[in-house]
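One structure below.
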Amino acid sequence: MYVQVHTLIIKKKKKKQFEEITLYGLKGEKVKKALKRDGRLLKRVFQINCALIDKSTEVRTEMHNLVDDLDGKTVKIKMISKCTQPESQPESLEDADVLQSESQKSDSEIQVENQDPQQQSTTNQSVTDNTTKGNSKQSGIRQTEKIPNSKNLKRHLSSQVTQRVKGMKTGLPKLSNIQNLFRVEYGKSAETCREVKTMKKLMALSDSVCAVRINGKPGGSGFLLFDKFVLTNGHVIKNIYNESTKQFSEPMTVHFAFESLDHGDSGAKVEEVTGWEYYCDNSGHMNDWALLGISSDQELPRCLLKNFGFLPSSGGICIIGHPNDSVKKIDPCWIIPTDNRKQVVQNHCNGNLDSALLDSEQYEEYINIITHNFFDHVSQSVNGLKQVLTYETCFYSGSSGAPVFDEHCNVVAVHTAGYEYRNRRGERSSVIEFGYPLSLILEHIIIQMVEKERFDVLKEYLACDYSQHQNIMSNLKKLVEGRNLTSFQKAFNNLVHTNEERLKTFFGLLLQREEPVPMDTL
């Protein structure tokens, strides 16, 4: 049951404004008590003589009347006189009287109604005496009834009052924490958006990304670098490759069309490890790459060396690979600049202390529950990686060896590793991820091919003409001169009588000495 009251509010500027509110009252309850319990009317309304006037019929309802006839009606509060109302009896007693008059009758009264007329006169006197005595003993005791659905009614009224009070104080409701979170996440998602033409180009380049499988099981990711040579991480094959014997302990295949679980691609067989490094050099840089020679008995996609690029300092990137040993996927994400790495680690620390470490040999020295030591170790480790690209991605195990593309669809790095743990919800997570620059890997591939005298591979590399070739040659020339690599001079001497002009030009540029320019004399 509810009553709509059109209440008159007088503001400080004495400007009359009308506001329609909805009031609720219990059947058998007086108007005055219902209005007081609502709490939104001024106390002055109850101190002077006011009444409710029906807006349609102008029928007056006094404060001491019941609310029963006001169900669904719209009324207004009107002052009858300015005289202060006399103090009435306590509302508890008023309520008790109403309940007594309209609630259950006593056993004695029921008996009286059922007796014969001749017996009622005698019985009535007895009932009257008993009632008088009972009332004298129970005077002041309030009899109550349980209101049906009272909890939901109270919750609804409290909610309405709270919202109205907040609106009066602030004018507009403030954004909740959830709304603020949505605003932040929306902006973050917008930053990683890509133009349609960029995504179309990436989709075409994704044909050159493959899943590396060992004995039919997921091993990692990779991509066709040039000719029939696939590039992946060195740690992908470290447990099955014997460097001294150049043999695999298990068969390996690469699959370029692994885009659904029911794919029928048997894959291309890995015939050899053409080049491989998995060690940390004197400068602290980890060399982690493997160049796999695959069979060419099937048509291969385009090589990605033609889309080579150097590391950007900031901006958006995309990783394409096979995360979590699944089908081929793409993840647009954002580069974390070197100066921001500590803050990213701290953000994870703030929300995930007392979480669990993943099972990993890397963290054997740590306890299973994450403490500050874990994040301190991550911060120290990731800031010691001077020549890597850092970012946050959802690509975890199985994605090692995946190509990292910049905003111009150039391959700039090889996705390699991260610092994993389980968050407070028990979900797999990672503090930060990184990839090694493709430019450094190319330099090491060339040096190793020269030292192994794999001129067949070197020739295929040189046949893949790409726009940044001269820049790679300039960096390689500095490296050869700085290390005094005699293997390059030896290789050049062996090629003096060869007809491979491309190779002779290549070594000639690397071994050519720059003549010092004399200073102008005065």
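Positions are given from 1, in the same order as the sequence printed here. The model shown is predicted, which means the values in this text are computed figures rather than measured ones.
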Q: Evaluate the criterion side-chain contact (heavy atoms from CB on, under 4.5 Å) for residue pair Leu300 and Leu224; output intermediate values, then yes/no.
A: CA-CA 8 Å; Leu300 297 177; Leu224 192 67; 4.1 Å; yes
(Q) Assess the residue pair Val209 and Phe256 against the criterion (side-chain contact (heavy atoms from CB on, under 4.5 Å)); give the C-alpha distance rounded to whole Å, side-chain angles, the decisive distance to 0.1 Å, and a yes or no. (A) CA-CA 6 Å; Val209 180; Phe256 293 98; over 6 Å; no
Q.
With side-chain contact (heavy atoms from CB on, under 4.5 Å) as the criterion, how do Phe395 and Lys329 come out once you've worked through the C-alpha distance, each side chain's angles and the decisive distance to 0.1 Å?
A. CA-CA 9 Å; Phe395 275 26; Lys329 296 181 180 180; 4.0 Å; yes
Q: Kindly determine whether Glu407 and Thr198 satisfy side-chain contact (heavy atoms from CB on, under 4.5 Å), including the steps that lead there.
A: CA-CA 8 Å; Glu407 292 178 329; Thr198 303; over 6 Å; no
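Minimum interatomic distance between Ala402 and Ile319 (heavy atoms only, all atoms of both residues): CB-CG2, 3.9 Å. In terms of heavy-atom proximity, Cys210 sits nearest to Val254 at SG-CB, 4.0 Å. In this structure, Cys333 and Thr393 approach most closely via the heavy-atom pair SG-CB, 4.2 Å. For the pair Gly401 and Thr232, the tightest heavy-atom approach, listed with the atom from each and the gap, is CA-OG1, 3.8 Å. When all heavy atoms are compared, the tightest approach of Asn475 to Glu443 is CB-OE2, 3.3 Å. Of all non-hydrogen atoms in Leu311 and Ala413, the two that sit nearest each other are CD2-CB, 4.1 Å.
Ring orientation note: the planes of Tyr419 and His377 are nearly perpendicular, at an angle over 60° on the 30°/60° scale. Taking the six-membered ring where the residue is Trp, His348 and Tyr421 present perpendicular rings, their angle passing 60° and hence far from 30°.
The shortest distance between side-chain heavy atoms of Glu243 and Trp276 falls below 4.5 Å. Side-chain contact between Ile445 and Leu231 is present, with heavy atoms from C-beta onward closer than 4.5 Å. You'll find the side chain of His255 stays beyond 4.5 Å of the side chain of His322, heavy atoms only. Annotation: side chain of Ile432 is in contact with side chain of Arg341 (closest heavy-atom distance under 4.5 Å). Side-chain contact between Leu225 and Leu304 is absent, with no heavy-atom pair separated by less than 4.5 Å. Side chains of Phe434 and Leu385 form a contact here, defined as non-hydrogen atoms less than 4.5 Å apart. Annotation: side chain of Asp331 is not in contact with side chain of Cys318 (no heavy-atom distance under 4.5 Å). At least one side-chain heavy atom of Leu458 sits less than 4.5 Å from a side-chain heavy atom of Ile446.
Considering Lys201, His408, Arg302 as possible partners of Asn307, the one that fulfils the side chain to side chain donor-acceptor pair (under 3.5 Å) test is Arg302. The ring-ring contact (aromatic ring centres under 6.0 Å, His included) test with His415 singles out one residue from Trp289, Tyr396, Phe405, Tyr391, and that residue is Tyr391. The only option from Ile294, Val273, Leu292 that meets the side-chain contact (heavy atoms from CB on, under 4.5 Å) definition with Met252 turns out to be Leu292.
The distance from atom OG of Ser206 to atom CD1 of Ile320, rounded to the nearest 0.5 Å, is 5.0 Å. Note that CG of Asp288 and OG1 of Thr416 are 5.5 Å apart. Values are rounded to the nearest 0.5 Å. Distance CG/Asn471 to CG/Leu476: 12.5 Å, rounded to 0.5 Å. Here the NZ-OG1 distance, from Lys246 to Thr274, works out to 11.0 Å after rounding to the nearest 0.5 Å. Taken to the nearest 0.5 Å, the CG atom of Asn233 stands 9.5 Å off from the CE atom of Met286. How far OG of Ser249 is from CG of Asn215: 9.0 Å, rounded to the nearest 0.5 Å.
For Glu500, the salt bridge (Lys or Arg N to Asp or Glu O under 4.0 Å) partners two or more places apart in sequence, or in a different chain, are Lys459.
Around the NZ atom of Lys269, the shell of radius 6.0 Å holds no more than 12 heavy atoms that belong to other residues, nucleotides or ligands. A 6.0 Å sphere centred on CD of Gln380 holds no more than 12 heavy atoms belonging to other residues, nucleotides or ligands.
Every pair passing ring pair (Phe, Tyr, Trp, His ring centres under 6.0 Å) that includes a residue from residues 196-230 is listed here, sequence neighbours excluded: Phe226-Phe229, Phe226-Tyr461.
Taking the six-membered ring for Trp, Phe308 and His469 have ring centres at least 6.0 Å apart.
A donor-acceptor pair under 3.5 Å is formed between the side chain of Asn383 and the backbone N or O of Ser379. The backbone N or O of Ser326 lies less than 3.5 Å from no partner atom in the side chain of Asn324, so there is not a single donor-acceptor pair.
Judged purely by distance below 3.5 Å, without hydrogens or angles, the side chains of Ser400 and His235 pair a donor atom with an acceptor atom. Judged purely by distance below 3.5 Å, without hydrogens or angles, the side chains of Lys342 and Gln346 never pair a donor atom with an acceptor atom. Gln489 and Thr486 are not linked by any side-chain donor-acceptor pair at a separation below 3.5 angstrom, with hydrogens and angles left out of the test.
Here Arg454 pairs with Glu272 in a salt bridge; the nearest charged N to carboxylate O distance falls below 4.0 Å.
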